[in-house]
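We count ligands from 1, going down the list as the structure has it; atoms in each ligand are counted the same way.
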Amino acid sequence: MQIYNSLSRKKEDFIPREAGKVSMYTCGPTVYHYAHIGNLRSYIMEDVLEKYLRFTGLDVKRVMNITDVGHLTSDGDTGDDKMLKGAKREHKTVMEIAKFYTDAFFADCAKLNIKTPDAVVPATSYIDEFIRVISSLMEKGYAYEAGGNIYFDTGKLDKYYVFNDFKEEDLAVGVREGVEEDSNKRNKADFVLWFTKSKFDDQELKWDSPWGVGYPGWHIECSCISMKNLGEYLDLHCGGIDNAFPHHTNEIAQSEAYLGHEWCNYWFHVHHLNTNSGKMSKSSGEFLTVSLLEEKGYAPLVYRFFCLQSHYRKNLVFSWENLDNAKVTYGKLIAKIAPLLSDKGGDIDKPEFERLMSGFTSALDNDLNTALAVTAVYDVLKSQSNAATKLALLKEFDKVLGLDLIGAAEKSLEVSETPEIPAEVMELAEQRKTARKEKNFALADELRDKITALGYEIKETRQGTEIKPLES
Ligand code: AMP
Ligand code: ZN
């Protein structure tokens with residue numbers, strides 16, 4: 001497989017360090033709010049990458065952090081603490097917010113068929129590890145104390161800007177309007193490893209350290225969580241493109257300074273989901289969530305399908321019209337698969353299977369071209385192969401695409417077999433719902449009797465109201 005490596009800025013053969021095994025690290029969510037569908041675009045594409053690596057027979061170990069401390073509203077060292085902001089907004093503690101939004105994140109991932117990584121590590125559970133690595137950086141002369149904080153000294157590196165050709169004077173940190181320059185820093189690009197002089201009087205989470213009571217910076221968490229779980233050498237590191245600088249740049253700086261050798265070979269960056277007004281972001285306050293899509297009648301997998309239709313290295317523009325198109329196309333695709341289910345006869349045609357499979361793998365081998373991999377699904381459906389061959393291929397493809405191709409087709413058949421409920425019964429059910437809401441149970445019972453008299457049974461289930469013809 002070839003993937004584009006942001007480090008070399010070209011497509012490269014993906015060769016893990018240890019034959020047959022891949023160590024993979026993913027920057028996890030900052031859990032001060034719901035993940036928006038832009039964040040989830042990154043996780044969907046990383047999920048496809050992980051699943052495809054597994055599909056090719058590689059044994060992948062994937063680790064993800066949960067940022068529950070240290071991430072300030074600017075990705076540098078300025079602005080508010082995002083977690084504290086979330087806690088204030090909701091009048092809760094930071095840990096309550098972290099738990100709530102971590103659970104919400106994994107619930108969204110489940111709906112989108114995103115596999116949970118093998119290890120998920122909240123930053124707050126690794127404080128001792130951060131202190132150990134920061135102490136070592138101090139001993140090696142890569143970190144210094146100034147104004148109460150511990151900084152990484154980027155001046156000690158031969159090359160700091162690994163992903164881009166930034167010049168120090170162009171760097172935005174410290175020179176943005178309304179943000180005071182941190183005069184403690186020896187170089188503009190230096191970043192905080194440990195804050196002791198918290199500028200937030202009400203900073204909730206603080207830990208003792210050799211440098212005083214405080215809390216870790218954001219960047220150090222990913223280096224430590226990765227190195228502790230995946231060892232000194234990492235094959236593949238993923239994240240959204242906005243993380244390349246400064247977050248990943250800082251991760252490389254501190255990890256390699258600590259280890260004394262190169263750390264990660266491949267950097268996989270997913271480009272942004274944009275709206276007409278720019279990048280979708282949590283801080284803008286206006287963003288779309290999976291629940292909102294569901295409320296508006298879009299199944300979460302329609303969004304996954306929408307993402308797979310374009311390449312991860314292109315910005316993707318979200319609009320309701322684009323999502324509608326994806327909804328229609330996904331529906332048609334499922335409708336084409338459904339008839340195959342009742343026609344399972346025949347043996348798998350091996351040469352045909354191999355031919356169509358190679359269309360799928362060559363698409364993904366080419367820098368994870370998911371749009372072409374989706375086209376390979378259509379190639380299967382259009383082919384002259386028998387139903388058994390087609391179904392076997394779709395099942396295999398779906399291990400990577402995660403679109404529930406077969407399951408959704410089965411469900412579509414169930415729905416079309418469900419008899420239509422007469423309008424009169426639906427109207428009575430609606431009236432009964434209102435009666436129940438108003439706690440008028442006598443009326444609700446009366447309405448149920450009327451529904452029964454018309455030959456239908458009405459039941460409240462956890463999924464909502466169920467109406468079906470009375471069994472004769
Ligand atoms: P956060 O929860 O803000 O730490 O971000 C979680 C992940 O989402 C990171 O990998 C970000 O780079 C990524 N991300 C943030 N905004 C977008 C966006 N609009 N489109 C795609 N990925 C994004
Ligand atoms: Zn990270």
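- For ligand 1, the polar-atom distance check against C27 finds no nitrogen or oxygen pair separated by under 3.5 Å.
- Using a 4.5 Å heavy-atom cutoff, the side chains of T124 and L205 are in contact.
- No hydrogens or angles considered: a donor-acceptor pair under 3.5 Å links the side chains of N366 and K11.
- Residue contact annotation: H247 places an N/O/S atom under 2.8 Å from the Zn ion (ligand 2).
- Two residues are said to be in side-chain contact when any heavy atoms from C-beta on lie closer than 4.5 Å; N274 and M280 fail this criterion.
- By the 3.5 Å distance cut-off applied to N or O atoms, K82 is not counted among the residues near ligand 1.
- Protein heavy atom at the shortest distance from atom 18 (C) of ligand 1 is H272 CD2, 3.5 Å.
- With ring centers used as reference points, F245 lies 6.0 Å or more from F163.
- Checking only distances, N39 does come within under 3.5 Å of ligand 1, N or O to N or O.
- Of the candidates F318, W320, F305, Y298 forms a ring-ring contact (aromatic ring centres under 6.0 Å, His included) with just one, namely W320.
- Both the sub-6.0 Å distance and the 45° axial angle are not jointly satisfied by K185 relative to the ring of Y151.
- Among all non-hydrogen protein atoms, the one lying nearest atom 21 (C) of ligand 1 is G38 O, 2.9 Å.
- Close contacts of ligand 1 with N243, meaning ligand atoms under 4.0 Å from a residue heavy atom, involve 9 (C), 10 (O), 11 (C), 12 (O).
- Between G240 and ligand 1, at least one N/O pair is under 3.5 Å apart.
- Between Q254 and H219 the shortest side-chain heavy-atom distance falls below 4.5 Å.
- Classification of K327 and D324 as a salt-bridged pair fails, no side-chain N sitting under 4.0 Å from a carboxylate O.
- The pair K395-D404 does not count as a salt bridge, with every side-chain nitrogen at least 4.0 angstrom from each carboxylate oxygen.
- Checked by distance only, ligand 1 and P29 stay at 3.5 Å or farther apart across all their nitrogen or oxygen atoms.
- Each of the atoms 16 (N), 17 (C), 19 (N) of ligand 1 lies under 4.0 Å from some heavy atom of H36.
- Considering backbone and side-chain N/O of T30, one or more are found under 3.5 Å from N/O of ligand 1.
- Side-chain contact between Y312 and N369 is absent, with no heavy atoms from C-beta onward closer than 4.5 Å.
- Under 2.8 Å from the Zn ion (ligand 2) lies an N/O/S atom of C27, whether from backbone or side chain.
- Close N/O approach between Y43 and ligand 1 is not found [any backbone or side-chain N/O within under 3.5 Å].
- When each atom of ligand 1 is checked for a heavy atom of S42 under 4.0 Å away, the hits are 13 (C), 21 (C), 22 (N), 23 (C).
- The closest protein non-hydrogen atom to atom 16 (N) of ligand 1 is K279 CE, 3.3 Å.
- If you check each of V270, D242, L316 against atom 11 (C) of ligand 1, the one with the closest non-hydrogen atom is D242.
- For N65 and Y25, the side-chain atoms include at least one donor-acceptor pair closer than 3.5 Å.
- When only interatomic distances are considered, the shortest N/O to N/O separation between G239 and ligand 1 does not fall below 3.5 Å.
- The protein non-hydrogen atom at the shortest distance from atom 20 (N) of ligand 1 is L273 N, 2.9 Å.
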